[in-house]
2 protein chains.
Amino acid sequence: MTTPGRGLHGHVLDTLGPEITAGEYPPGSVLRTDELAQRFDVSRSVMREAVRVLESMHLVESRRRVGVTVRPTSEWNVYDPQVIRWRLAGKDRARQLRSLTVLRSAIEPVAAGLAARHATADQCAELTQCALGMVANSRGHKLEEYLVHDMAFHRVVLDASGNEMFARLGDVVAEVLAGRTHHDVMFEDPDPAAVTLHVQVAEAVRAGDAVRAEELTREITVGALQELDILAP
Amino acid sequence: MTTPGRGLHGHVLDTLGPEITAGEYPPGSVLRTDELAQRFDVSRSVMREAVRVLESMHLVESRRRVGVTVRPTSEWNVYDPQVIRWRLAGKDRARQLRSLTVLRSAIEPVAAGLAARHATADQCAELTQCALGMVANSRGHKLEEYLVHDMAFHRVVLDASGNEMFARLGDVVAEVLAGRTHHDVMFEDPDPAAVTLHVQVAEAVRAGDAVRAEELTREITVGALQELDILAP
DNA sequence: CGGAGACAAAAAGTCAGACTTATTCATCAC
DNA sequence: GTGATGAATAAGTCTGACTTTTTGTCTCCG
């Protein structure tokens, strides 16, 4: 993703991060830097760098004379893309997908409304292209091709909103969509109604109809929520 | 906030983080670890730890033979509480507050709707307490006391939503509210209409009326947005 | 019996220096 | 012009010694 495994400390994080976020060390657990360094066969300097990163994500807290203690889940920086990825790869992937889908349902409609006001001509064109790509791959088990356009569509909407905080959720939404396609559901073709909604959103944004863009996007996200409810009511 | 200045590398971050987020080193600038270590009068080990943290926030990228390069703003982890704090303390505080207020306007109504469904009796009581506290301090230039209850109110709503992603925005919302009171506007007493809305939200949540809680909260956030528009149209 | 203060141990924090490795850039041959 | 060679550079890594803070314990005295 963001060039993983860069350097030794990166390799340590690739293992230790998922372990912690998966809850293998319950909150309050104490780790010792020296032991970890031994375990991963790296020097203490490298291990310290890894701990610093975990600390900046609020996953752990390092205190003298006591060690590196795992913080409670409620304090983690759950918006850190790295943390999101670790958790999506872990045990409670389902719960995580639900949380993120609810987040989508709050953000994306508002973002679409803003996009209708602020989108450039280029962005409108790109949006239409994405929607067309979704239509073109909506039948015949071309899920991967569909997914690519779906992810691009939502990313463009978030970017076009002109709000930096929304724009930075593009990666998260992409992960959620990818997760849905690859692991959970979606054995068949996507819901035709959803495809239509995407086309209509593209049109509403192009027409500058903020209210309509927002409402249509809300329908899309409601659909995504219902999809999860059907799977795990 | 989260125990700043912890350790030497923390002190380095307290200076270097704000500098970078303030744009003092434009994207693409290269910093040398050795020079930085000299500048801050710390060992390279300590400087490396600081760089690792900045790297985990996607503020910089460290590459061999070239140095530590500042990444473009669009790649920063803008949801990292530390980054948010640094930016709020910096130059484009106004722009930042706008972004975050738009984010609030998307999140909080949905969170309030969920809170109406999921809030415990304790949370309902706490919410009412907060609303009462706001009322009690809404006149007579008791802005600080009002702020405390306002922050608590929104935090409880976000917590009560039962969604982890929403709950973790409590700090951010608190920063926004504090920023508004302390720096920008609010020389007089708060808007009486806003106070009333908070009371009504507390009541709607207690009554389990999700639609009403959502709509009322939307009015609150719309008010917050308008407040900014008046200041910087 | 209990609290205050001194002491010792433990673990993170810090530093300095030597070495390794990847990357870039410039030079040179073809 | 293109491709290979090589030297320079800055990050990456490791080691070992030392410092500092914190905590638990063990007194000693009330």
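To find a chain, count down the sequence lines: A is the first, B the second, and so on, and within it residues start at 1.
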> With respect to the phosphate group of D:dA11, does any side-chain polar atom (N or O) of B:Thr33 fall under 4.0 Å of OP1 or OP2?
Replying inline: yes
> How many angstroms lie between CD1 in A:Ile84 and CG in A:Asp171, if you round to the nearest 0.5 Å?
Replying inline: 9.0 Å
>> Quick test of your reading of the model: are B:Arg95 and A:Glu164 salt-bridged, counting only N-O distances below 4.0 Å?
In response: no
> How long is the span from the CH2 atom in B:Trp76 to the CZ atom in B:Arg71, to the nearest 0.5 Å?
Replying inline: 11.5 Å
> Can you tell me how far C1' of D:dA10 sits from CZ of B:Arg63, to the nearest Å?
Replying inline: 12 Å
> Can we say A:Glu145 and A:Lys142 salt-bridge, meaning some charged N sits less than 4.0 Å from an Asp/Glu carboxylate O?
Replying inline: no
> Rounded to whole angstroms, how far apart are NE2 on A:His11 and C1' on D:dT13?
Replying inline: 16 Å
> To the nearest angstrom, how far is A:Asp34 atom CG from D:dG16 atom C1'?
Replying inline: 13 Å
> Hey, mind stepping through B:Tyr79 and A:Asp80 against side chain to side chain contact (heavy atoms under 4.5 Å, CB included) and telling me if it holds?
Replying inline: CA-CA 7 Å; B:Tyr79 285 90; A:Asp80 188 308; over 6 Å; no
> Closest nucleotide of DNA chain D for A:Val42 versus for B:Val68: which of these residues is on the 5' side?
Replying inline: B:Val68
> How large an angle, rounded to 10°, do the end axes of the helix from C:dC1-D:dG30 to C:dC30-D:dG1 enclose when each is built from five base pairs?
Replying inline: 10°
> Given that B:Val66 and B:Arg44 both sit by DNA chain C, which one's nearest nucleotide is further toward the 5' end?
Replying inline: B:Arg44
> When the distance from CD of B:Glu49 to C1' of D:dG12 is rounded to whole Å, what number comes out?
Replying inline: 14 Å
>> Under the criterion side chain to side chain contact (heavy atoms under 4.5 Å, CB included), I'd like the reasoning laid out for A:Ile220 against A:His198: C-alpha separation, chi angles, the key distance, then a yes or no.
In response: CA-CA 8 Å; A:Ile220 292 178; A:His198 282 78; 3.7 Å; yes
> How close or far is atom P of D:dA10 from atom CG of B:Leu36, stated in whole angstroms?
Replying inline: 13 Å
> By side chain to side chain donor-acceptor pair (under 3.5 Å), which residues pair with A:Arg52, not counting sequence neighbours?
Replying inline: A:Glu55, B:His9, B:Glu49
> B:Arg32 has an atom CZ; how far is it from atom C1' of D:dG12, in whole Å?
Replying inline: 17 Å
> Rounded to the Å, how far apart are B:Glu35 CD and D:dA10 P?
Replying inline: 8 Å
>> Need one value for B:Ser62: base, sugar-phosphate or nothing, where a base atom within 4.0 Å counts as base even if backbone is also close, heavy atoms only.
In response: sugar-phosphate
> Do B:Arg104 and B:Glu227 sit within salt-bridge range, that is, some charged N less than 4.0 Å from a carboxylate O?
Replying inline: no
> So which nucleotide from D:dA11, D:dC14, D:dG16 ends up closest to the side chain of B:Arg64?
Replying inline: D:dA11
>> Please identify the 5'-most and 3'-most nucleotides of DNA chain C with any atom under 4.0 angstrom from a heavy atom of chain A.
In response: C:dA9 to C:dT14
> What is the distance, rounded to the nearest whole Å, between atom CZ of B:Arg65 and atom P of D:dA7?
Replying inline: 14 Å
>> With rounding to the nearest 0.5 angstrom, report the CG to CG distance, A:Leu54 to A:Leu16.
In response: 5.5 Å
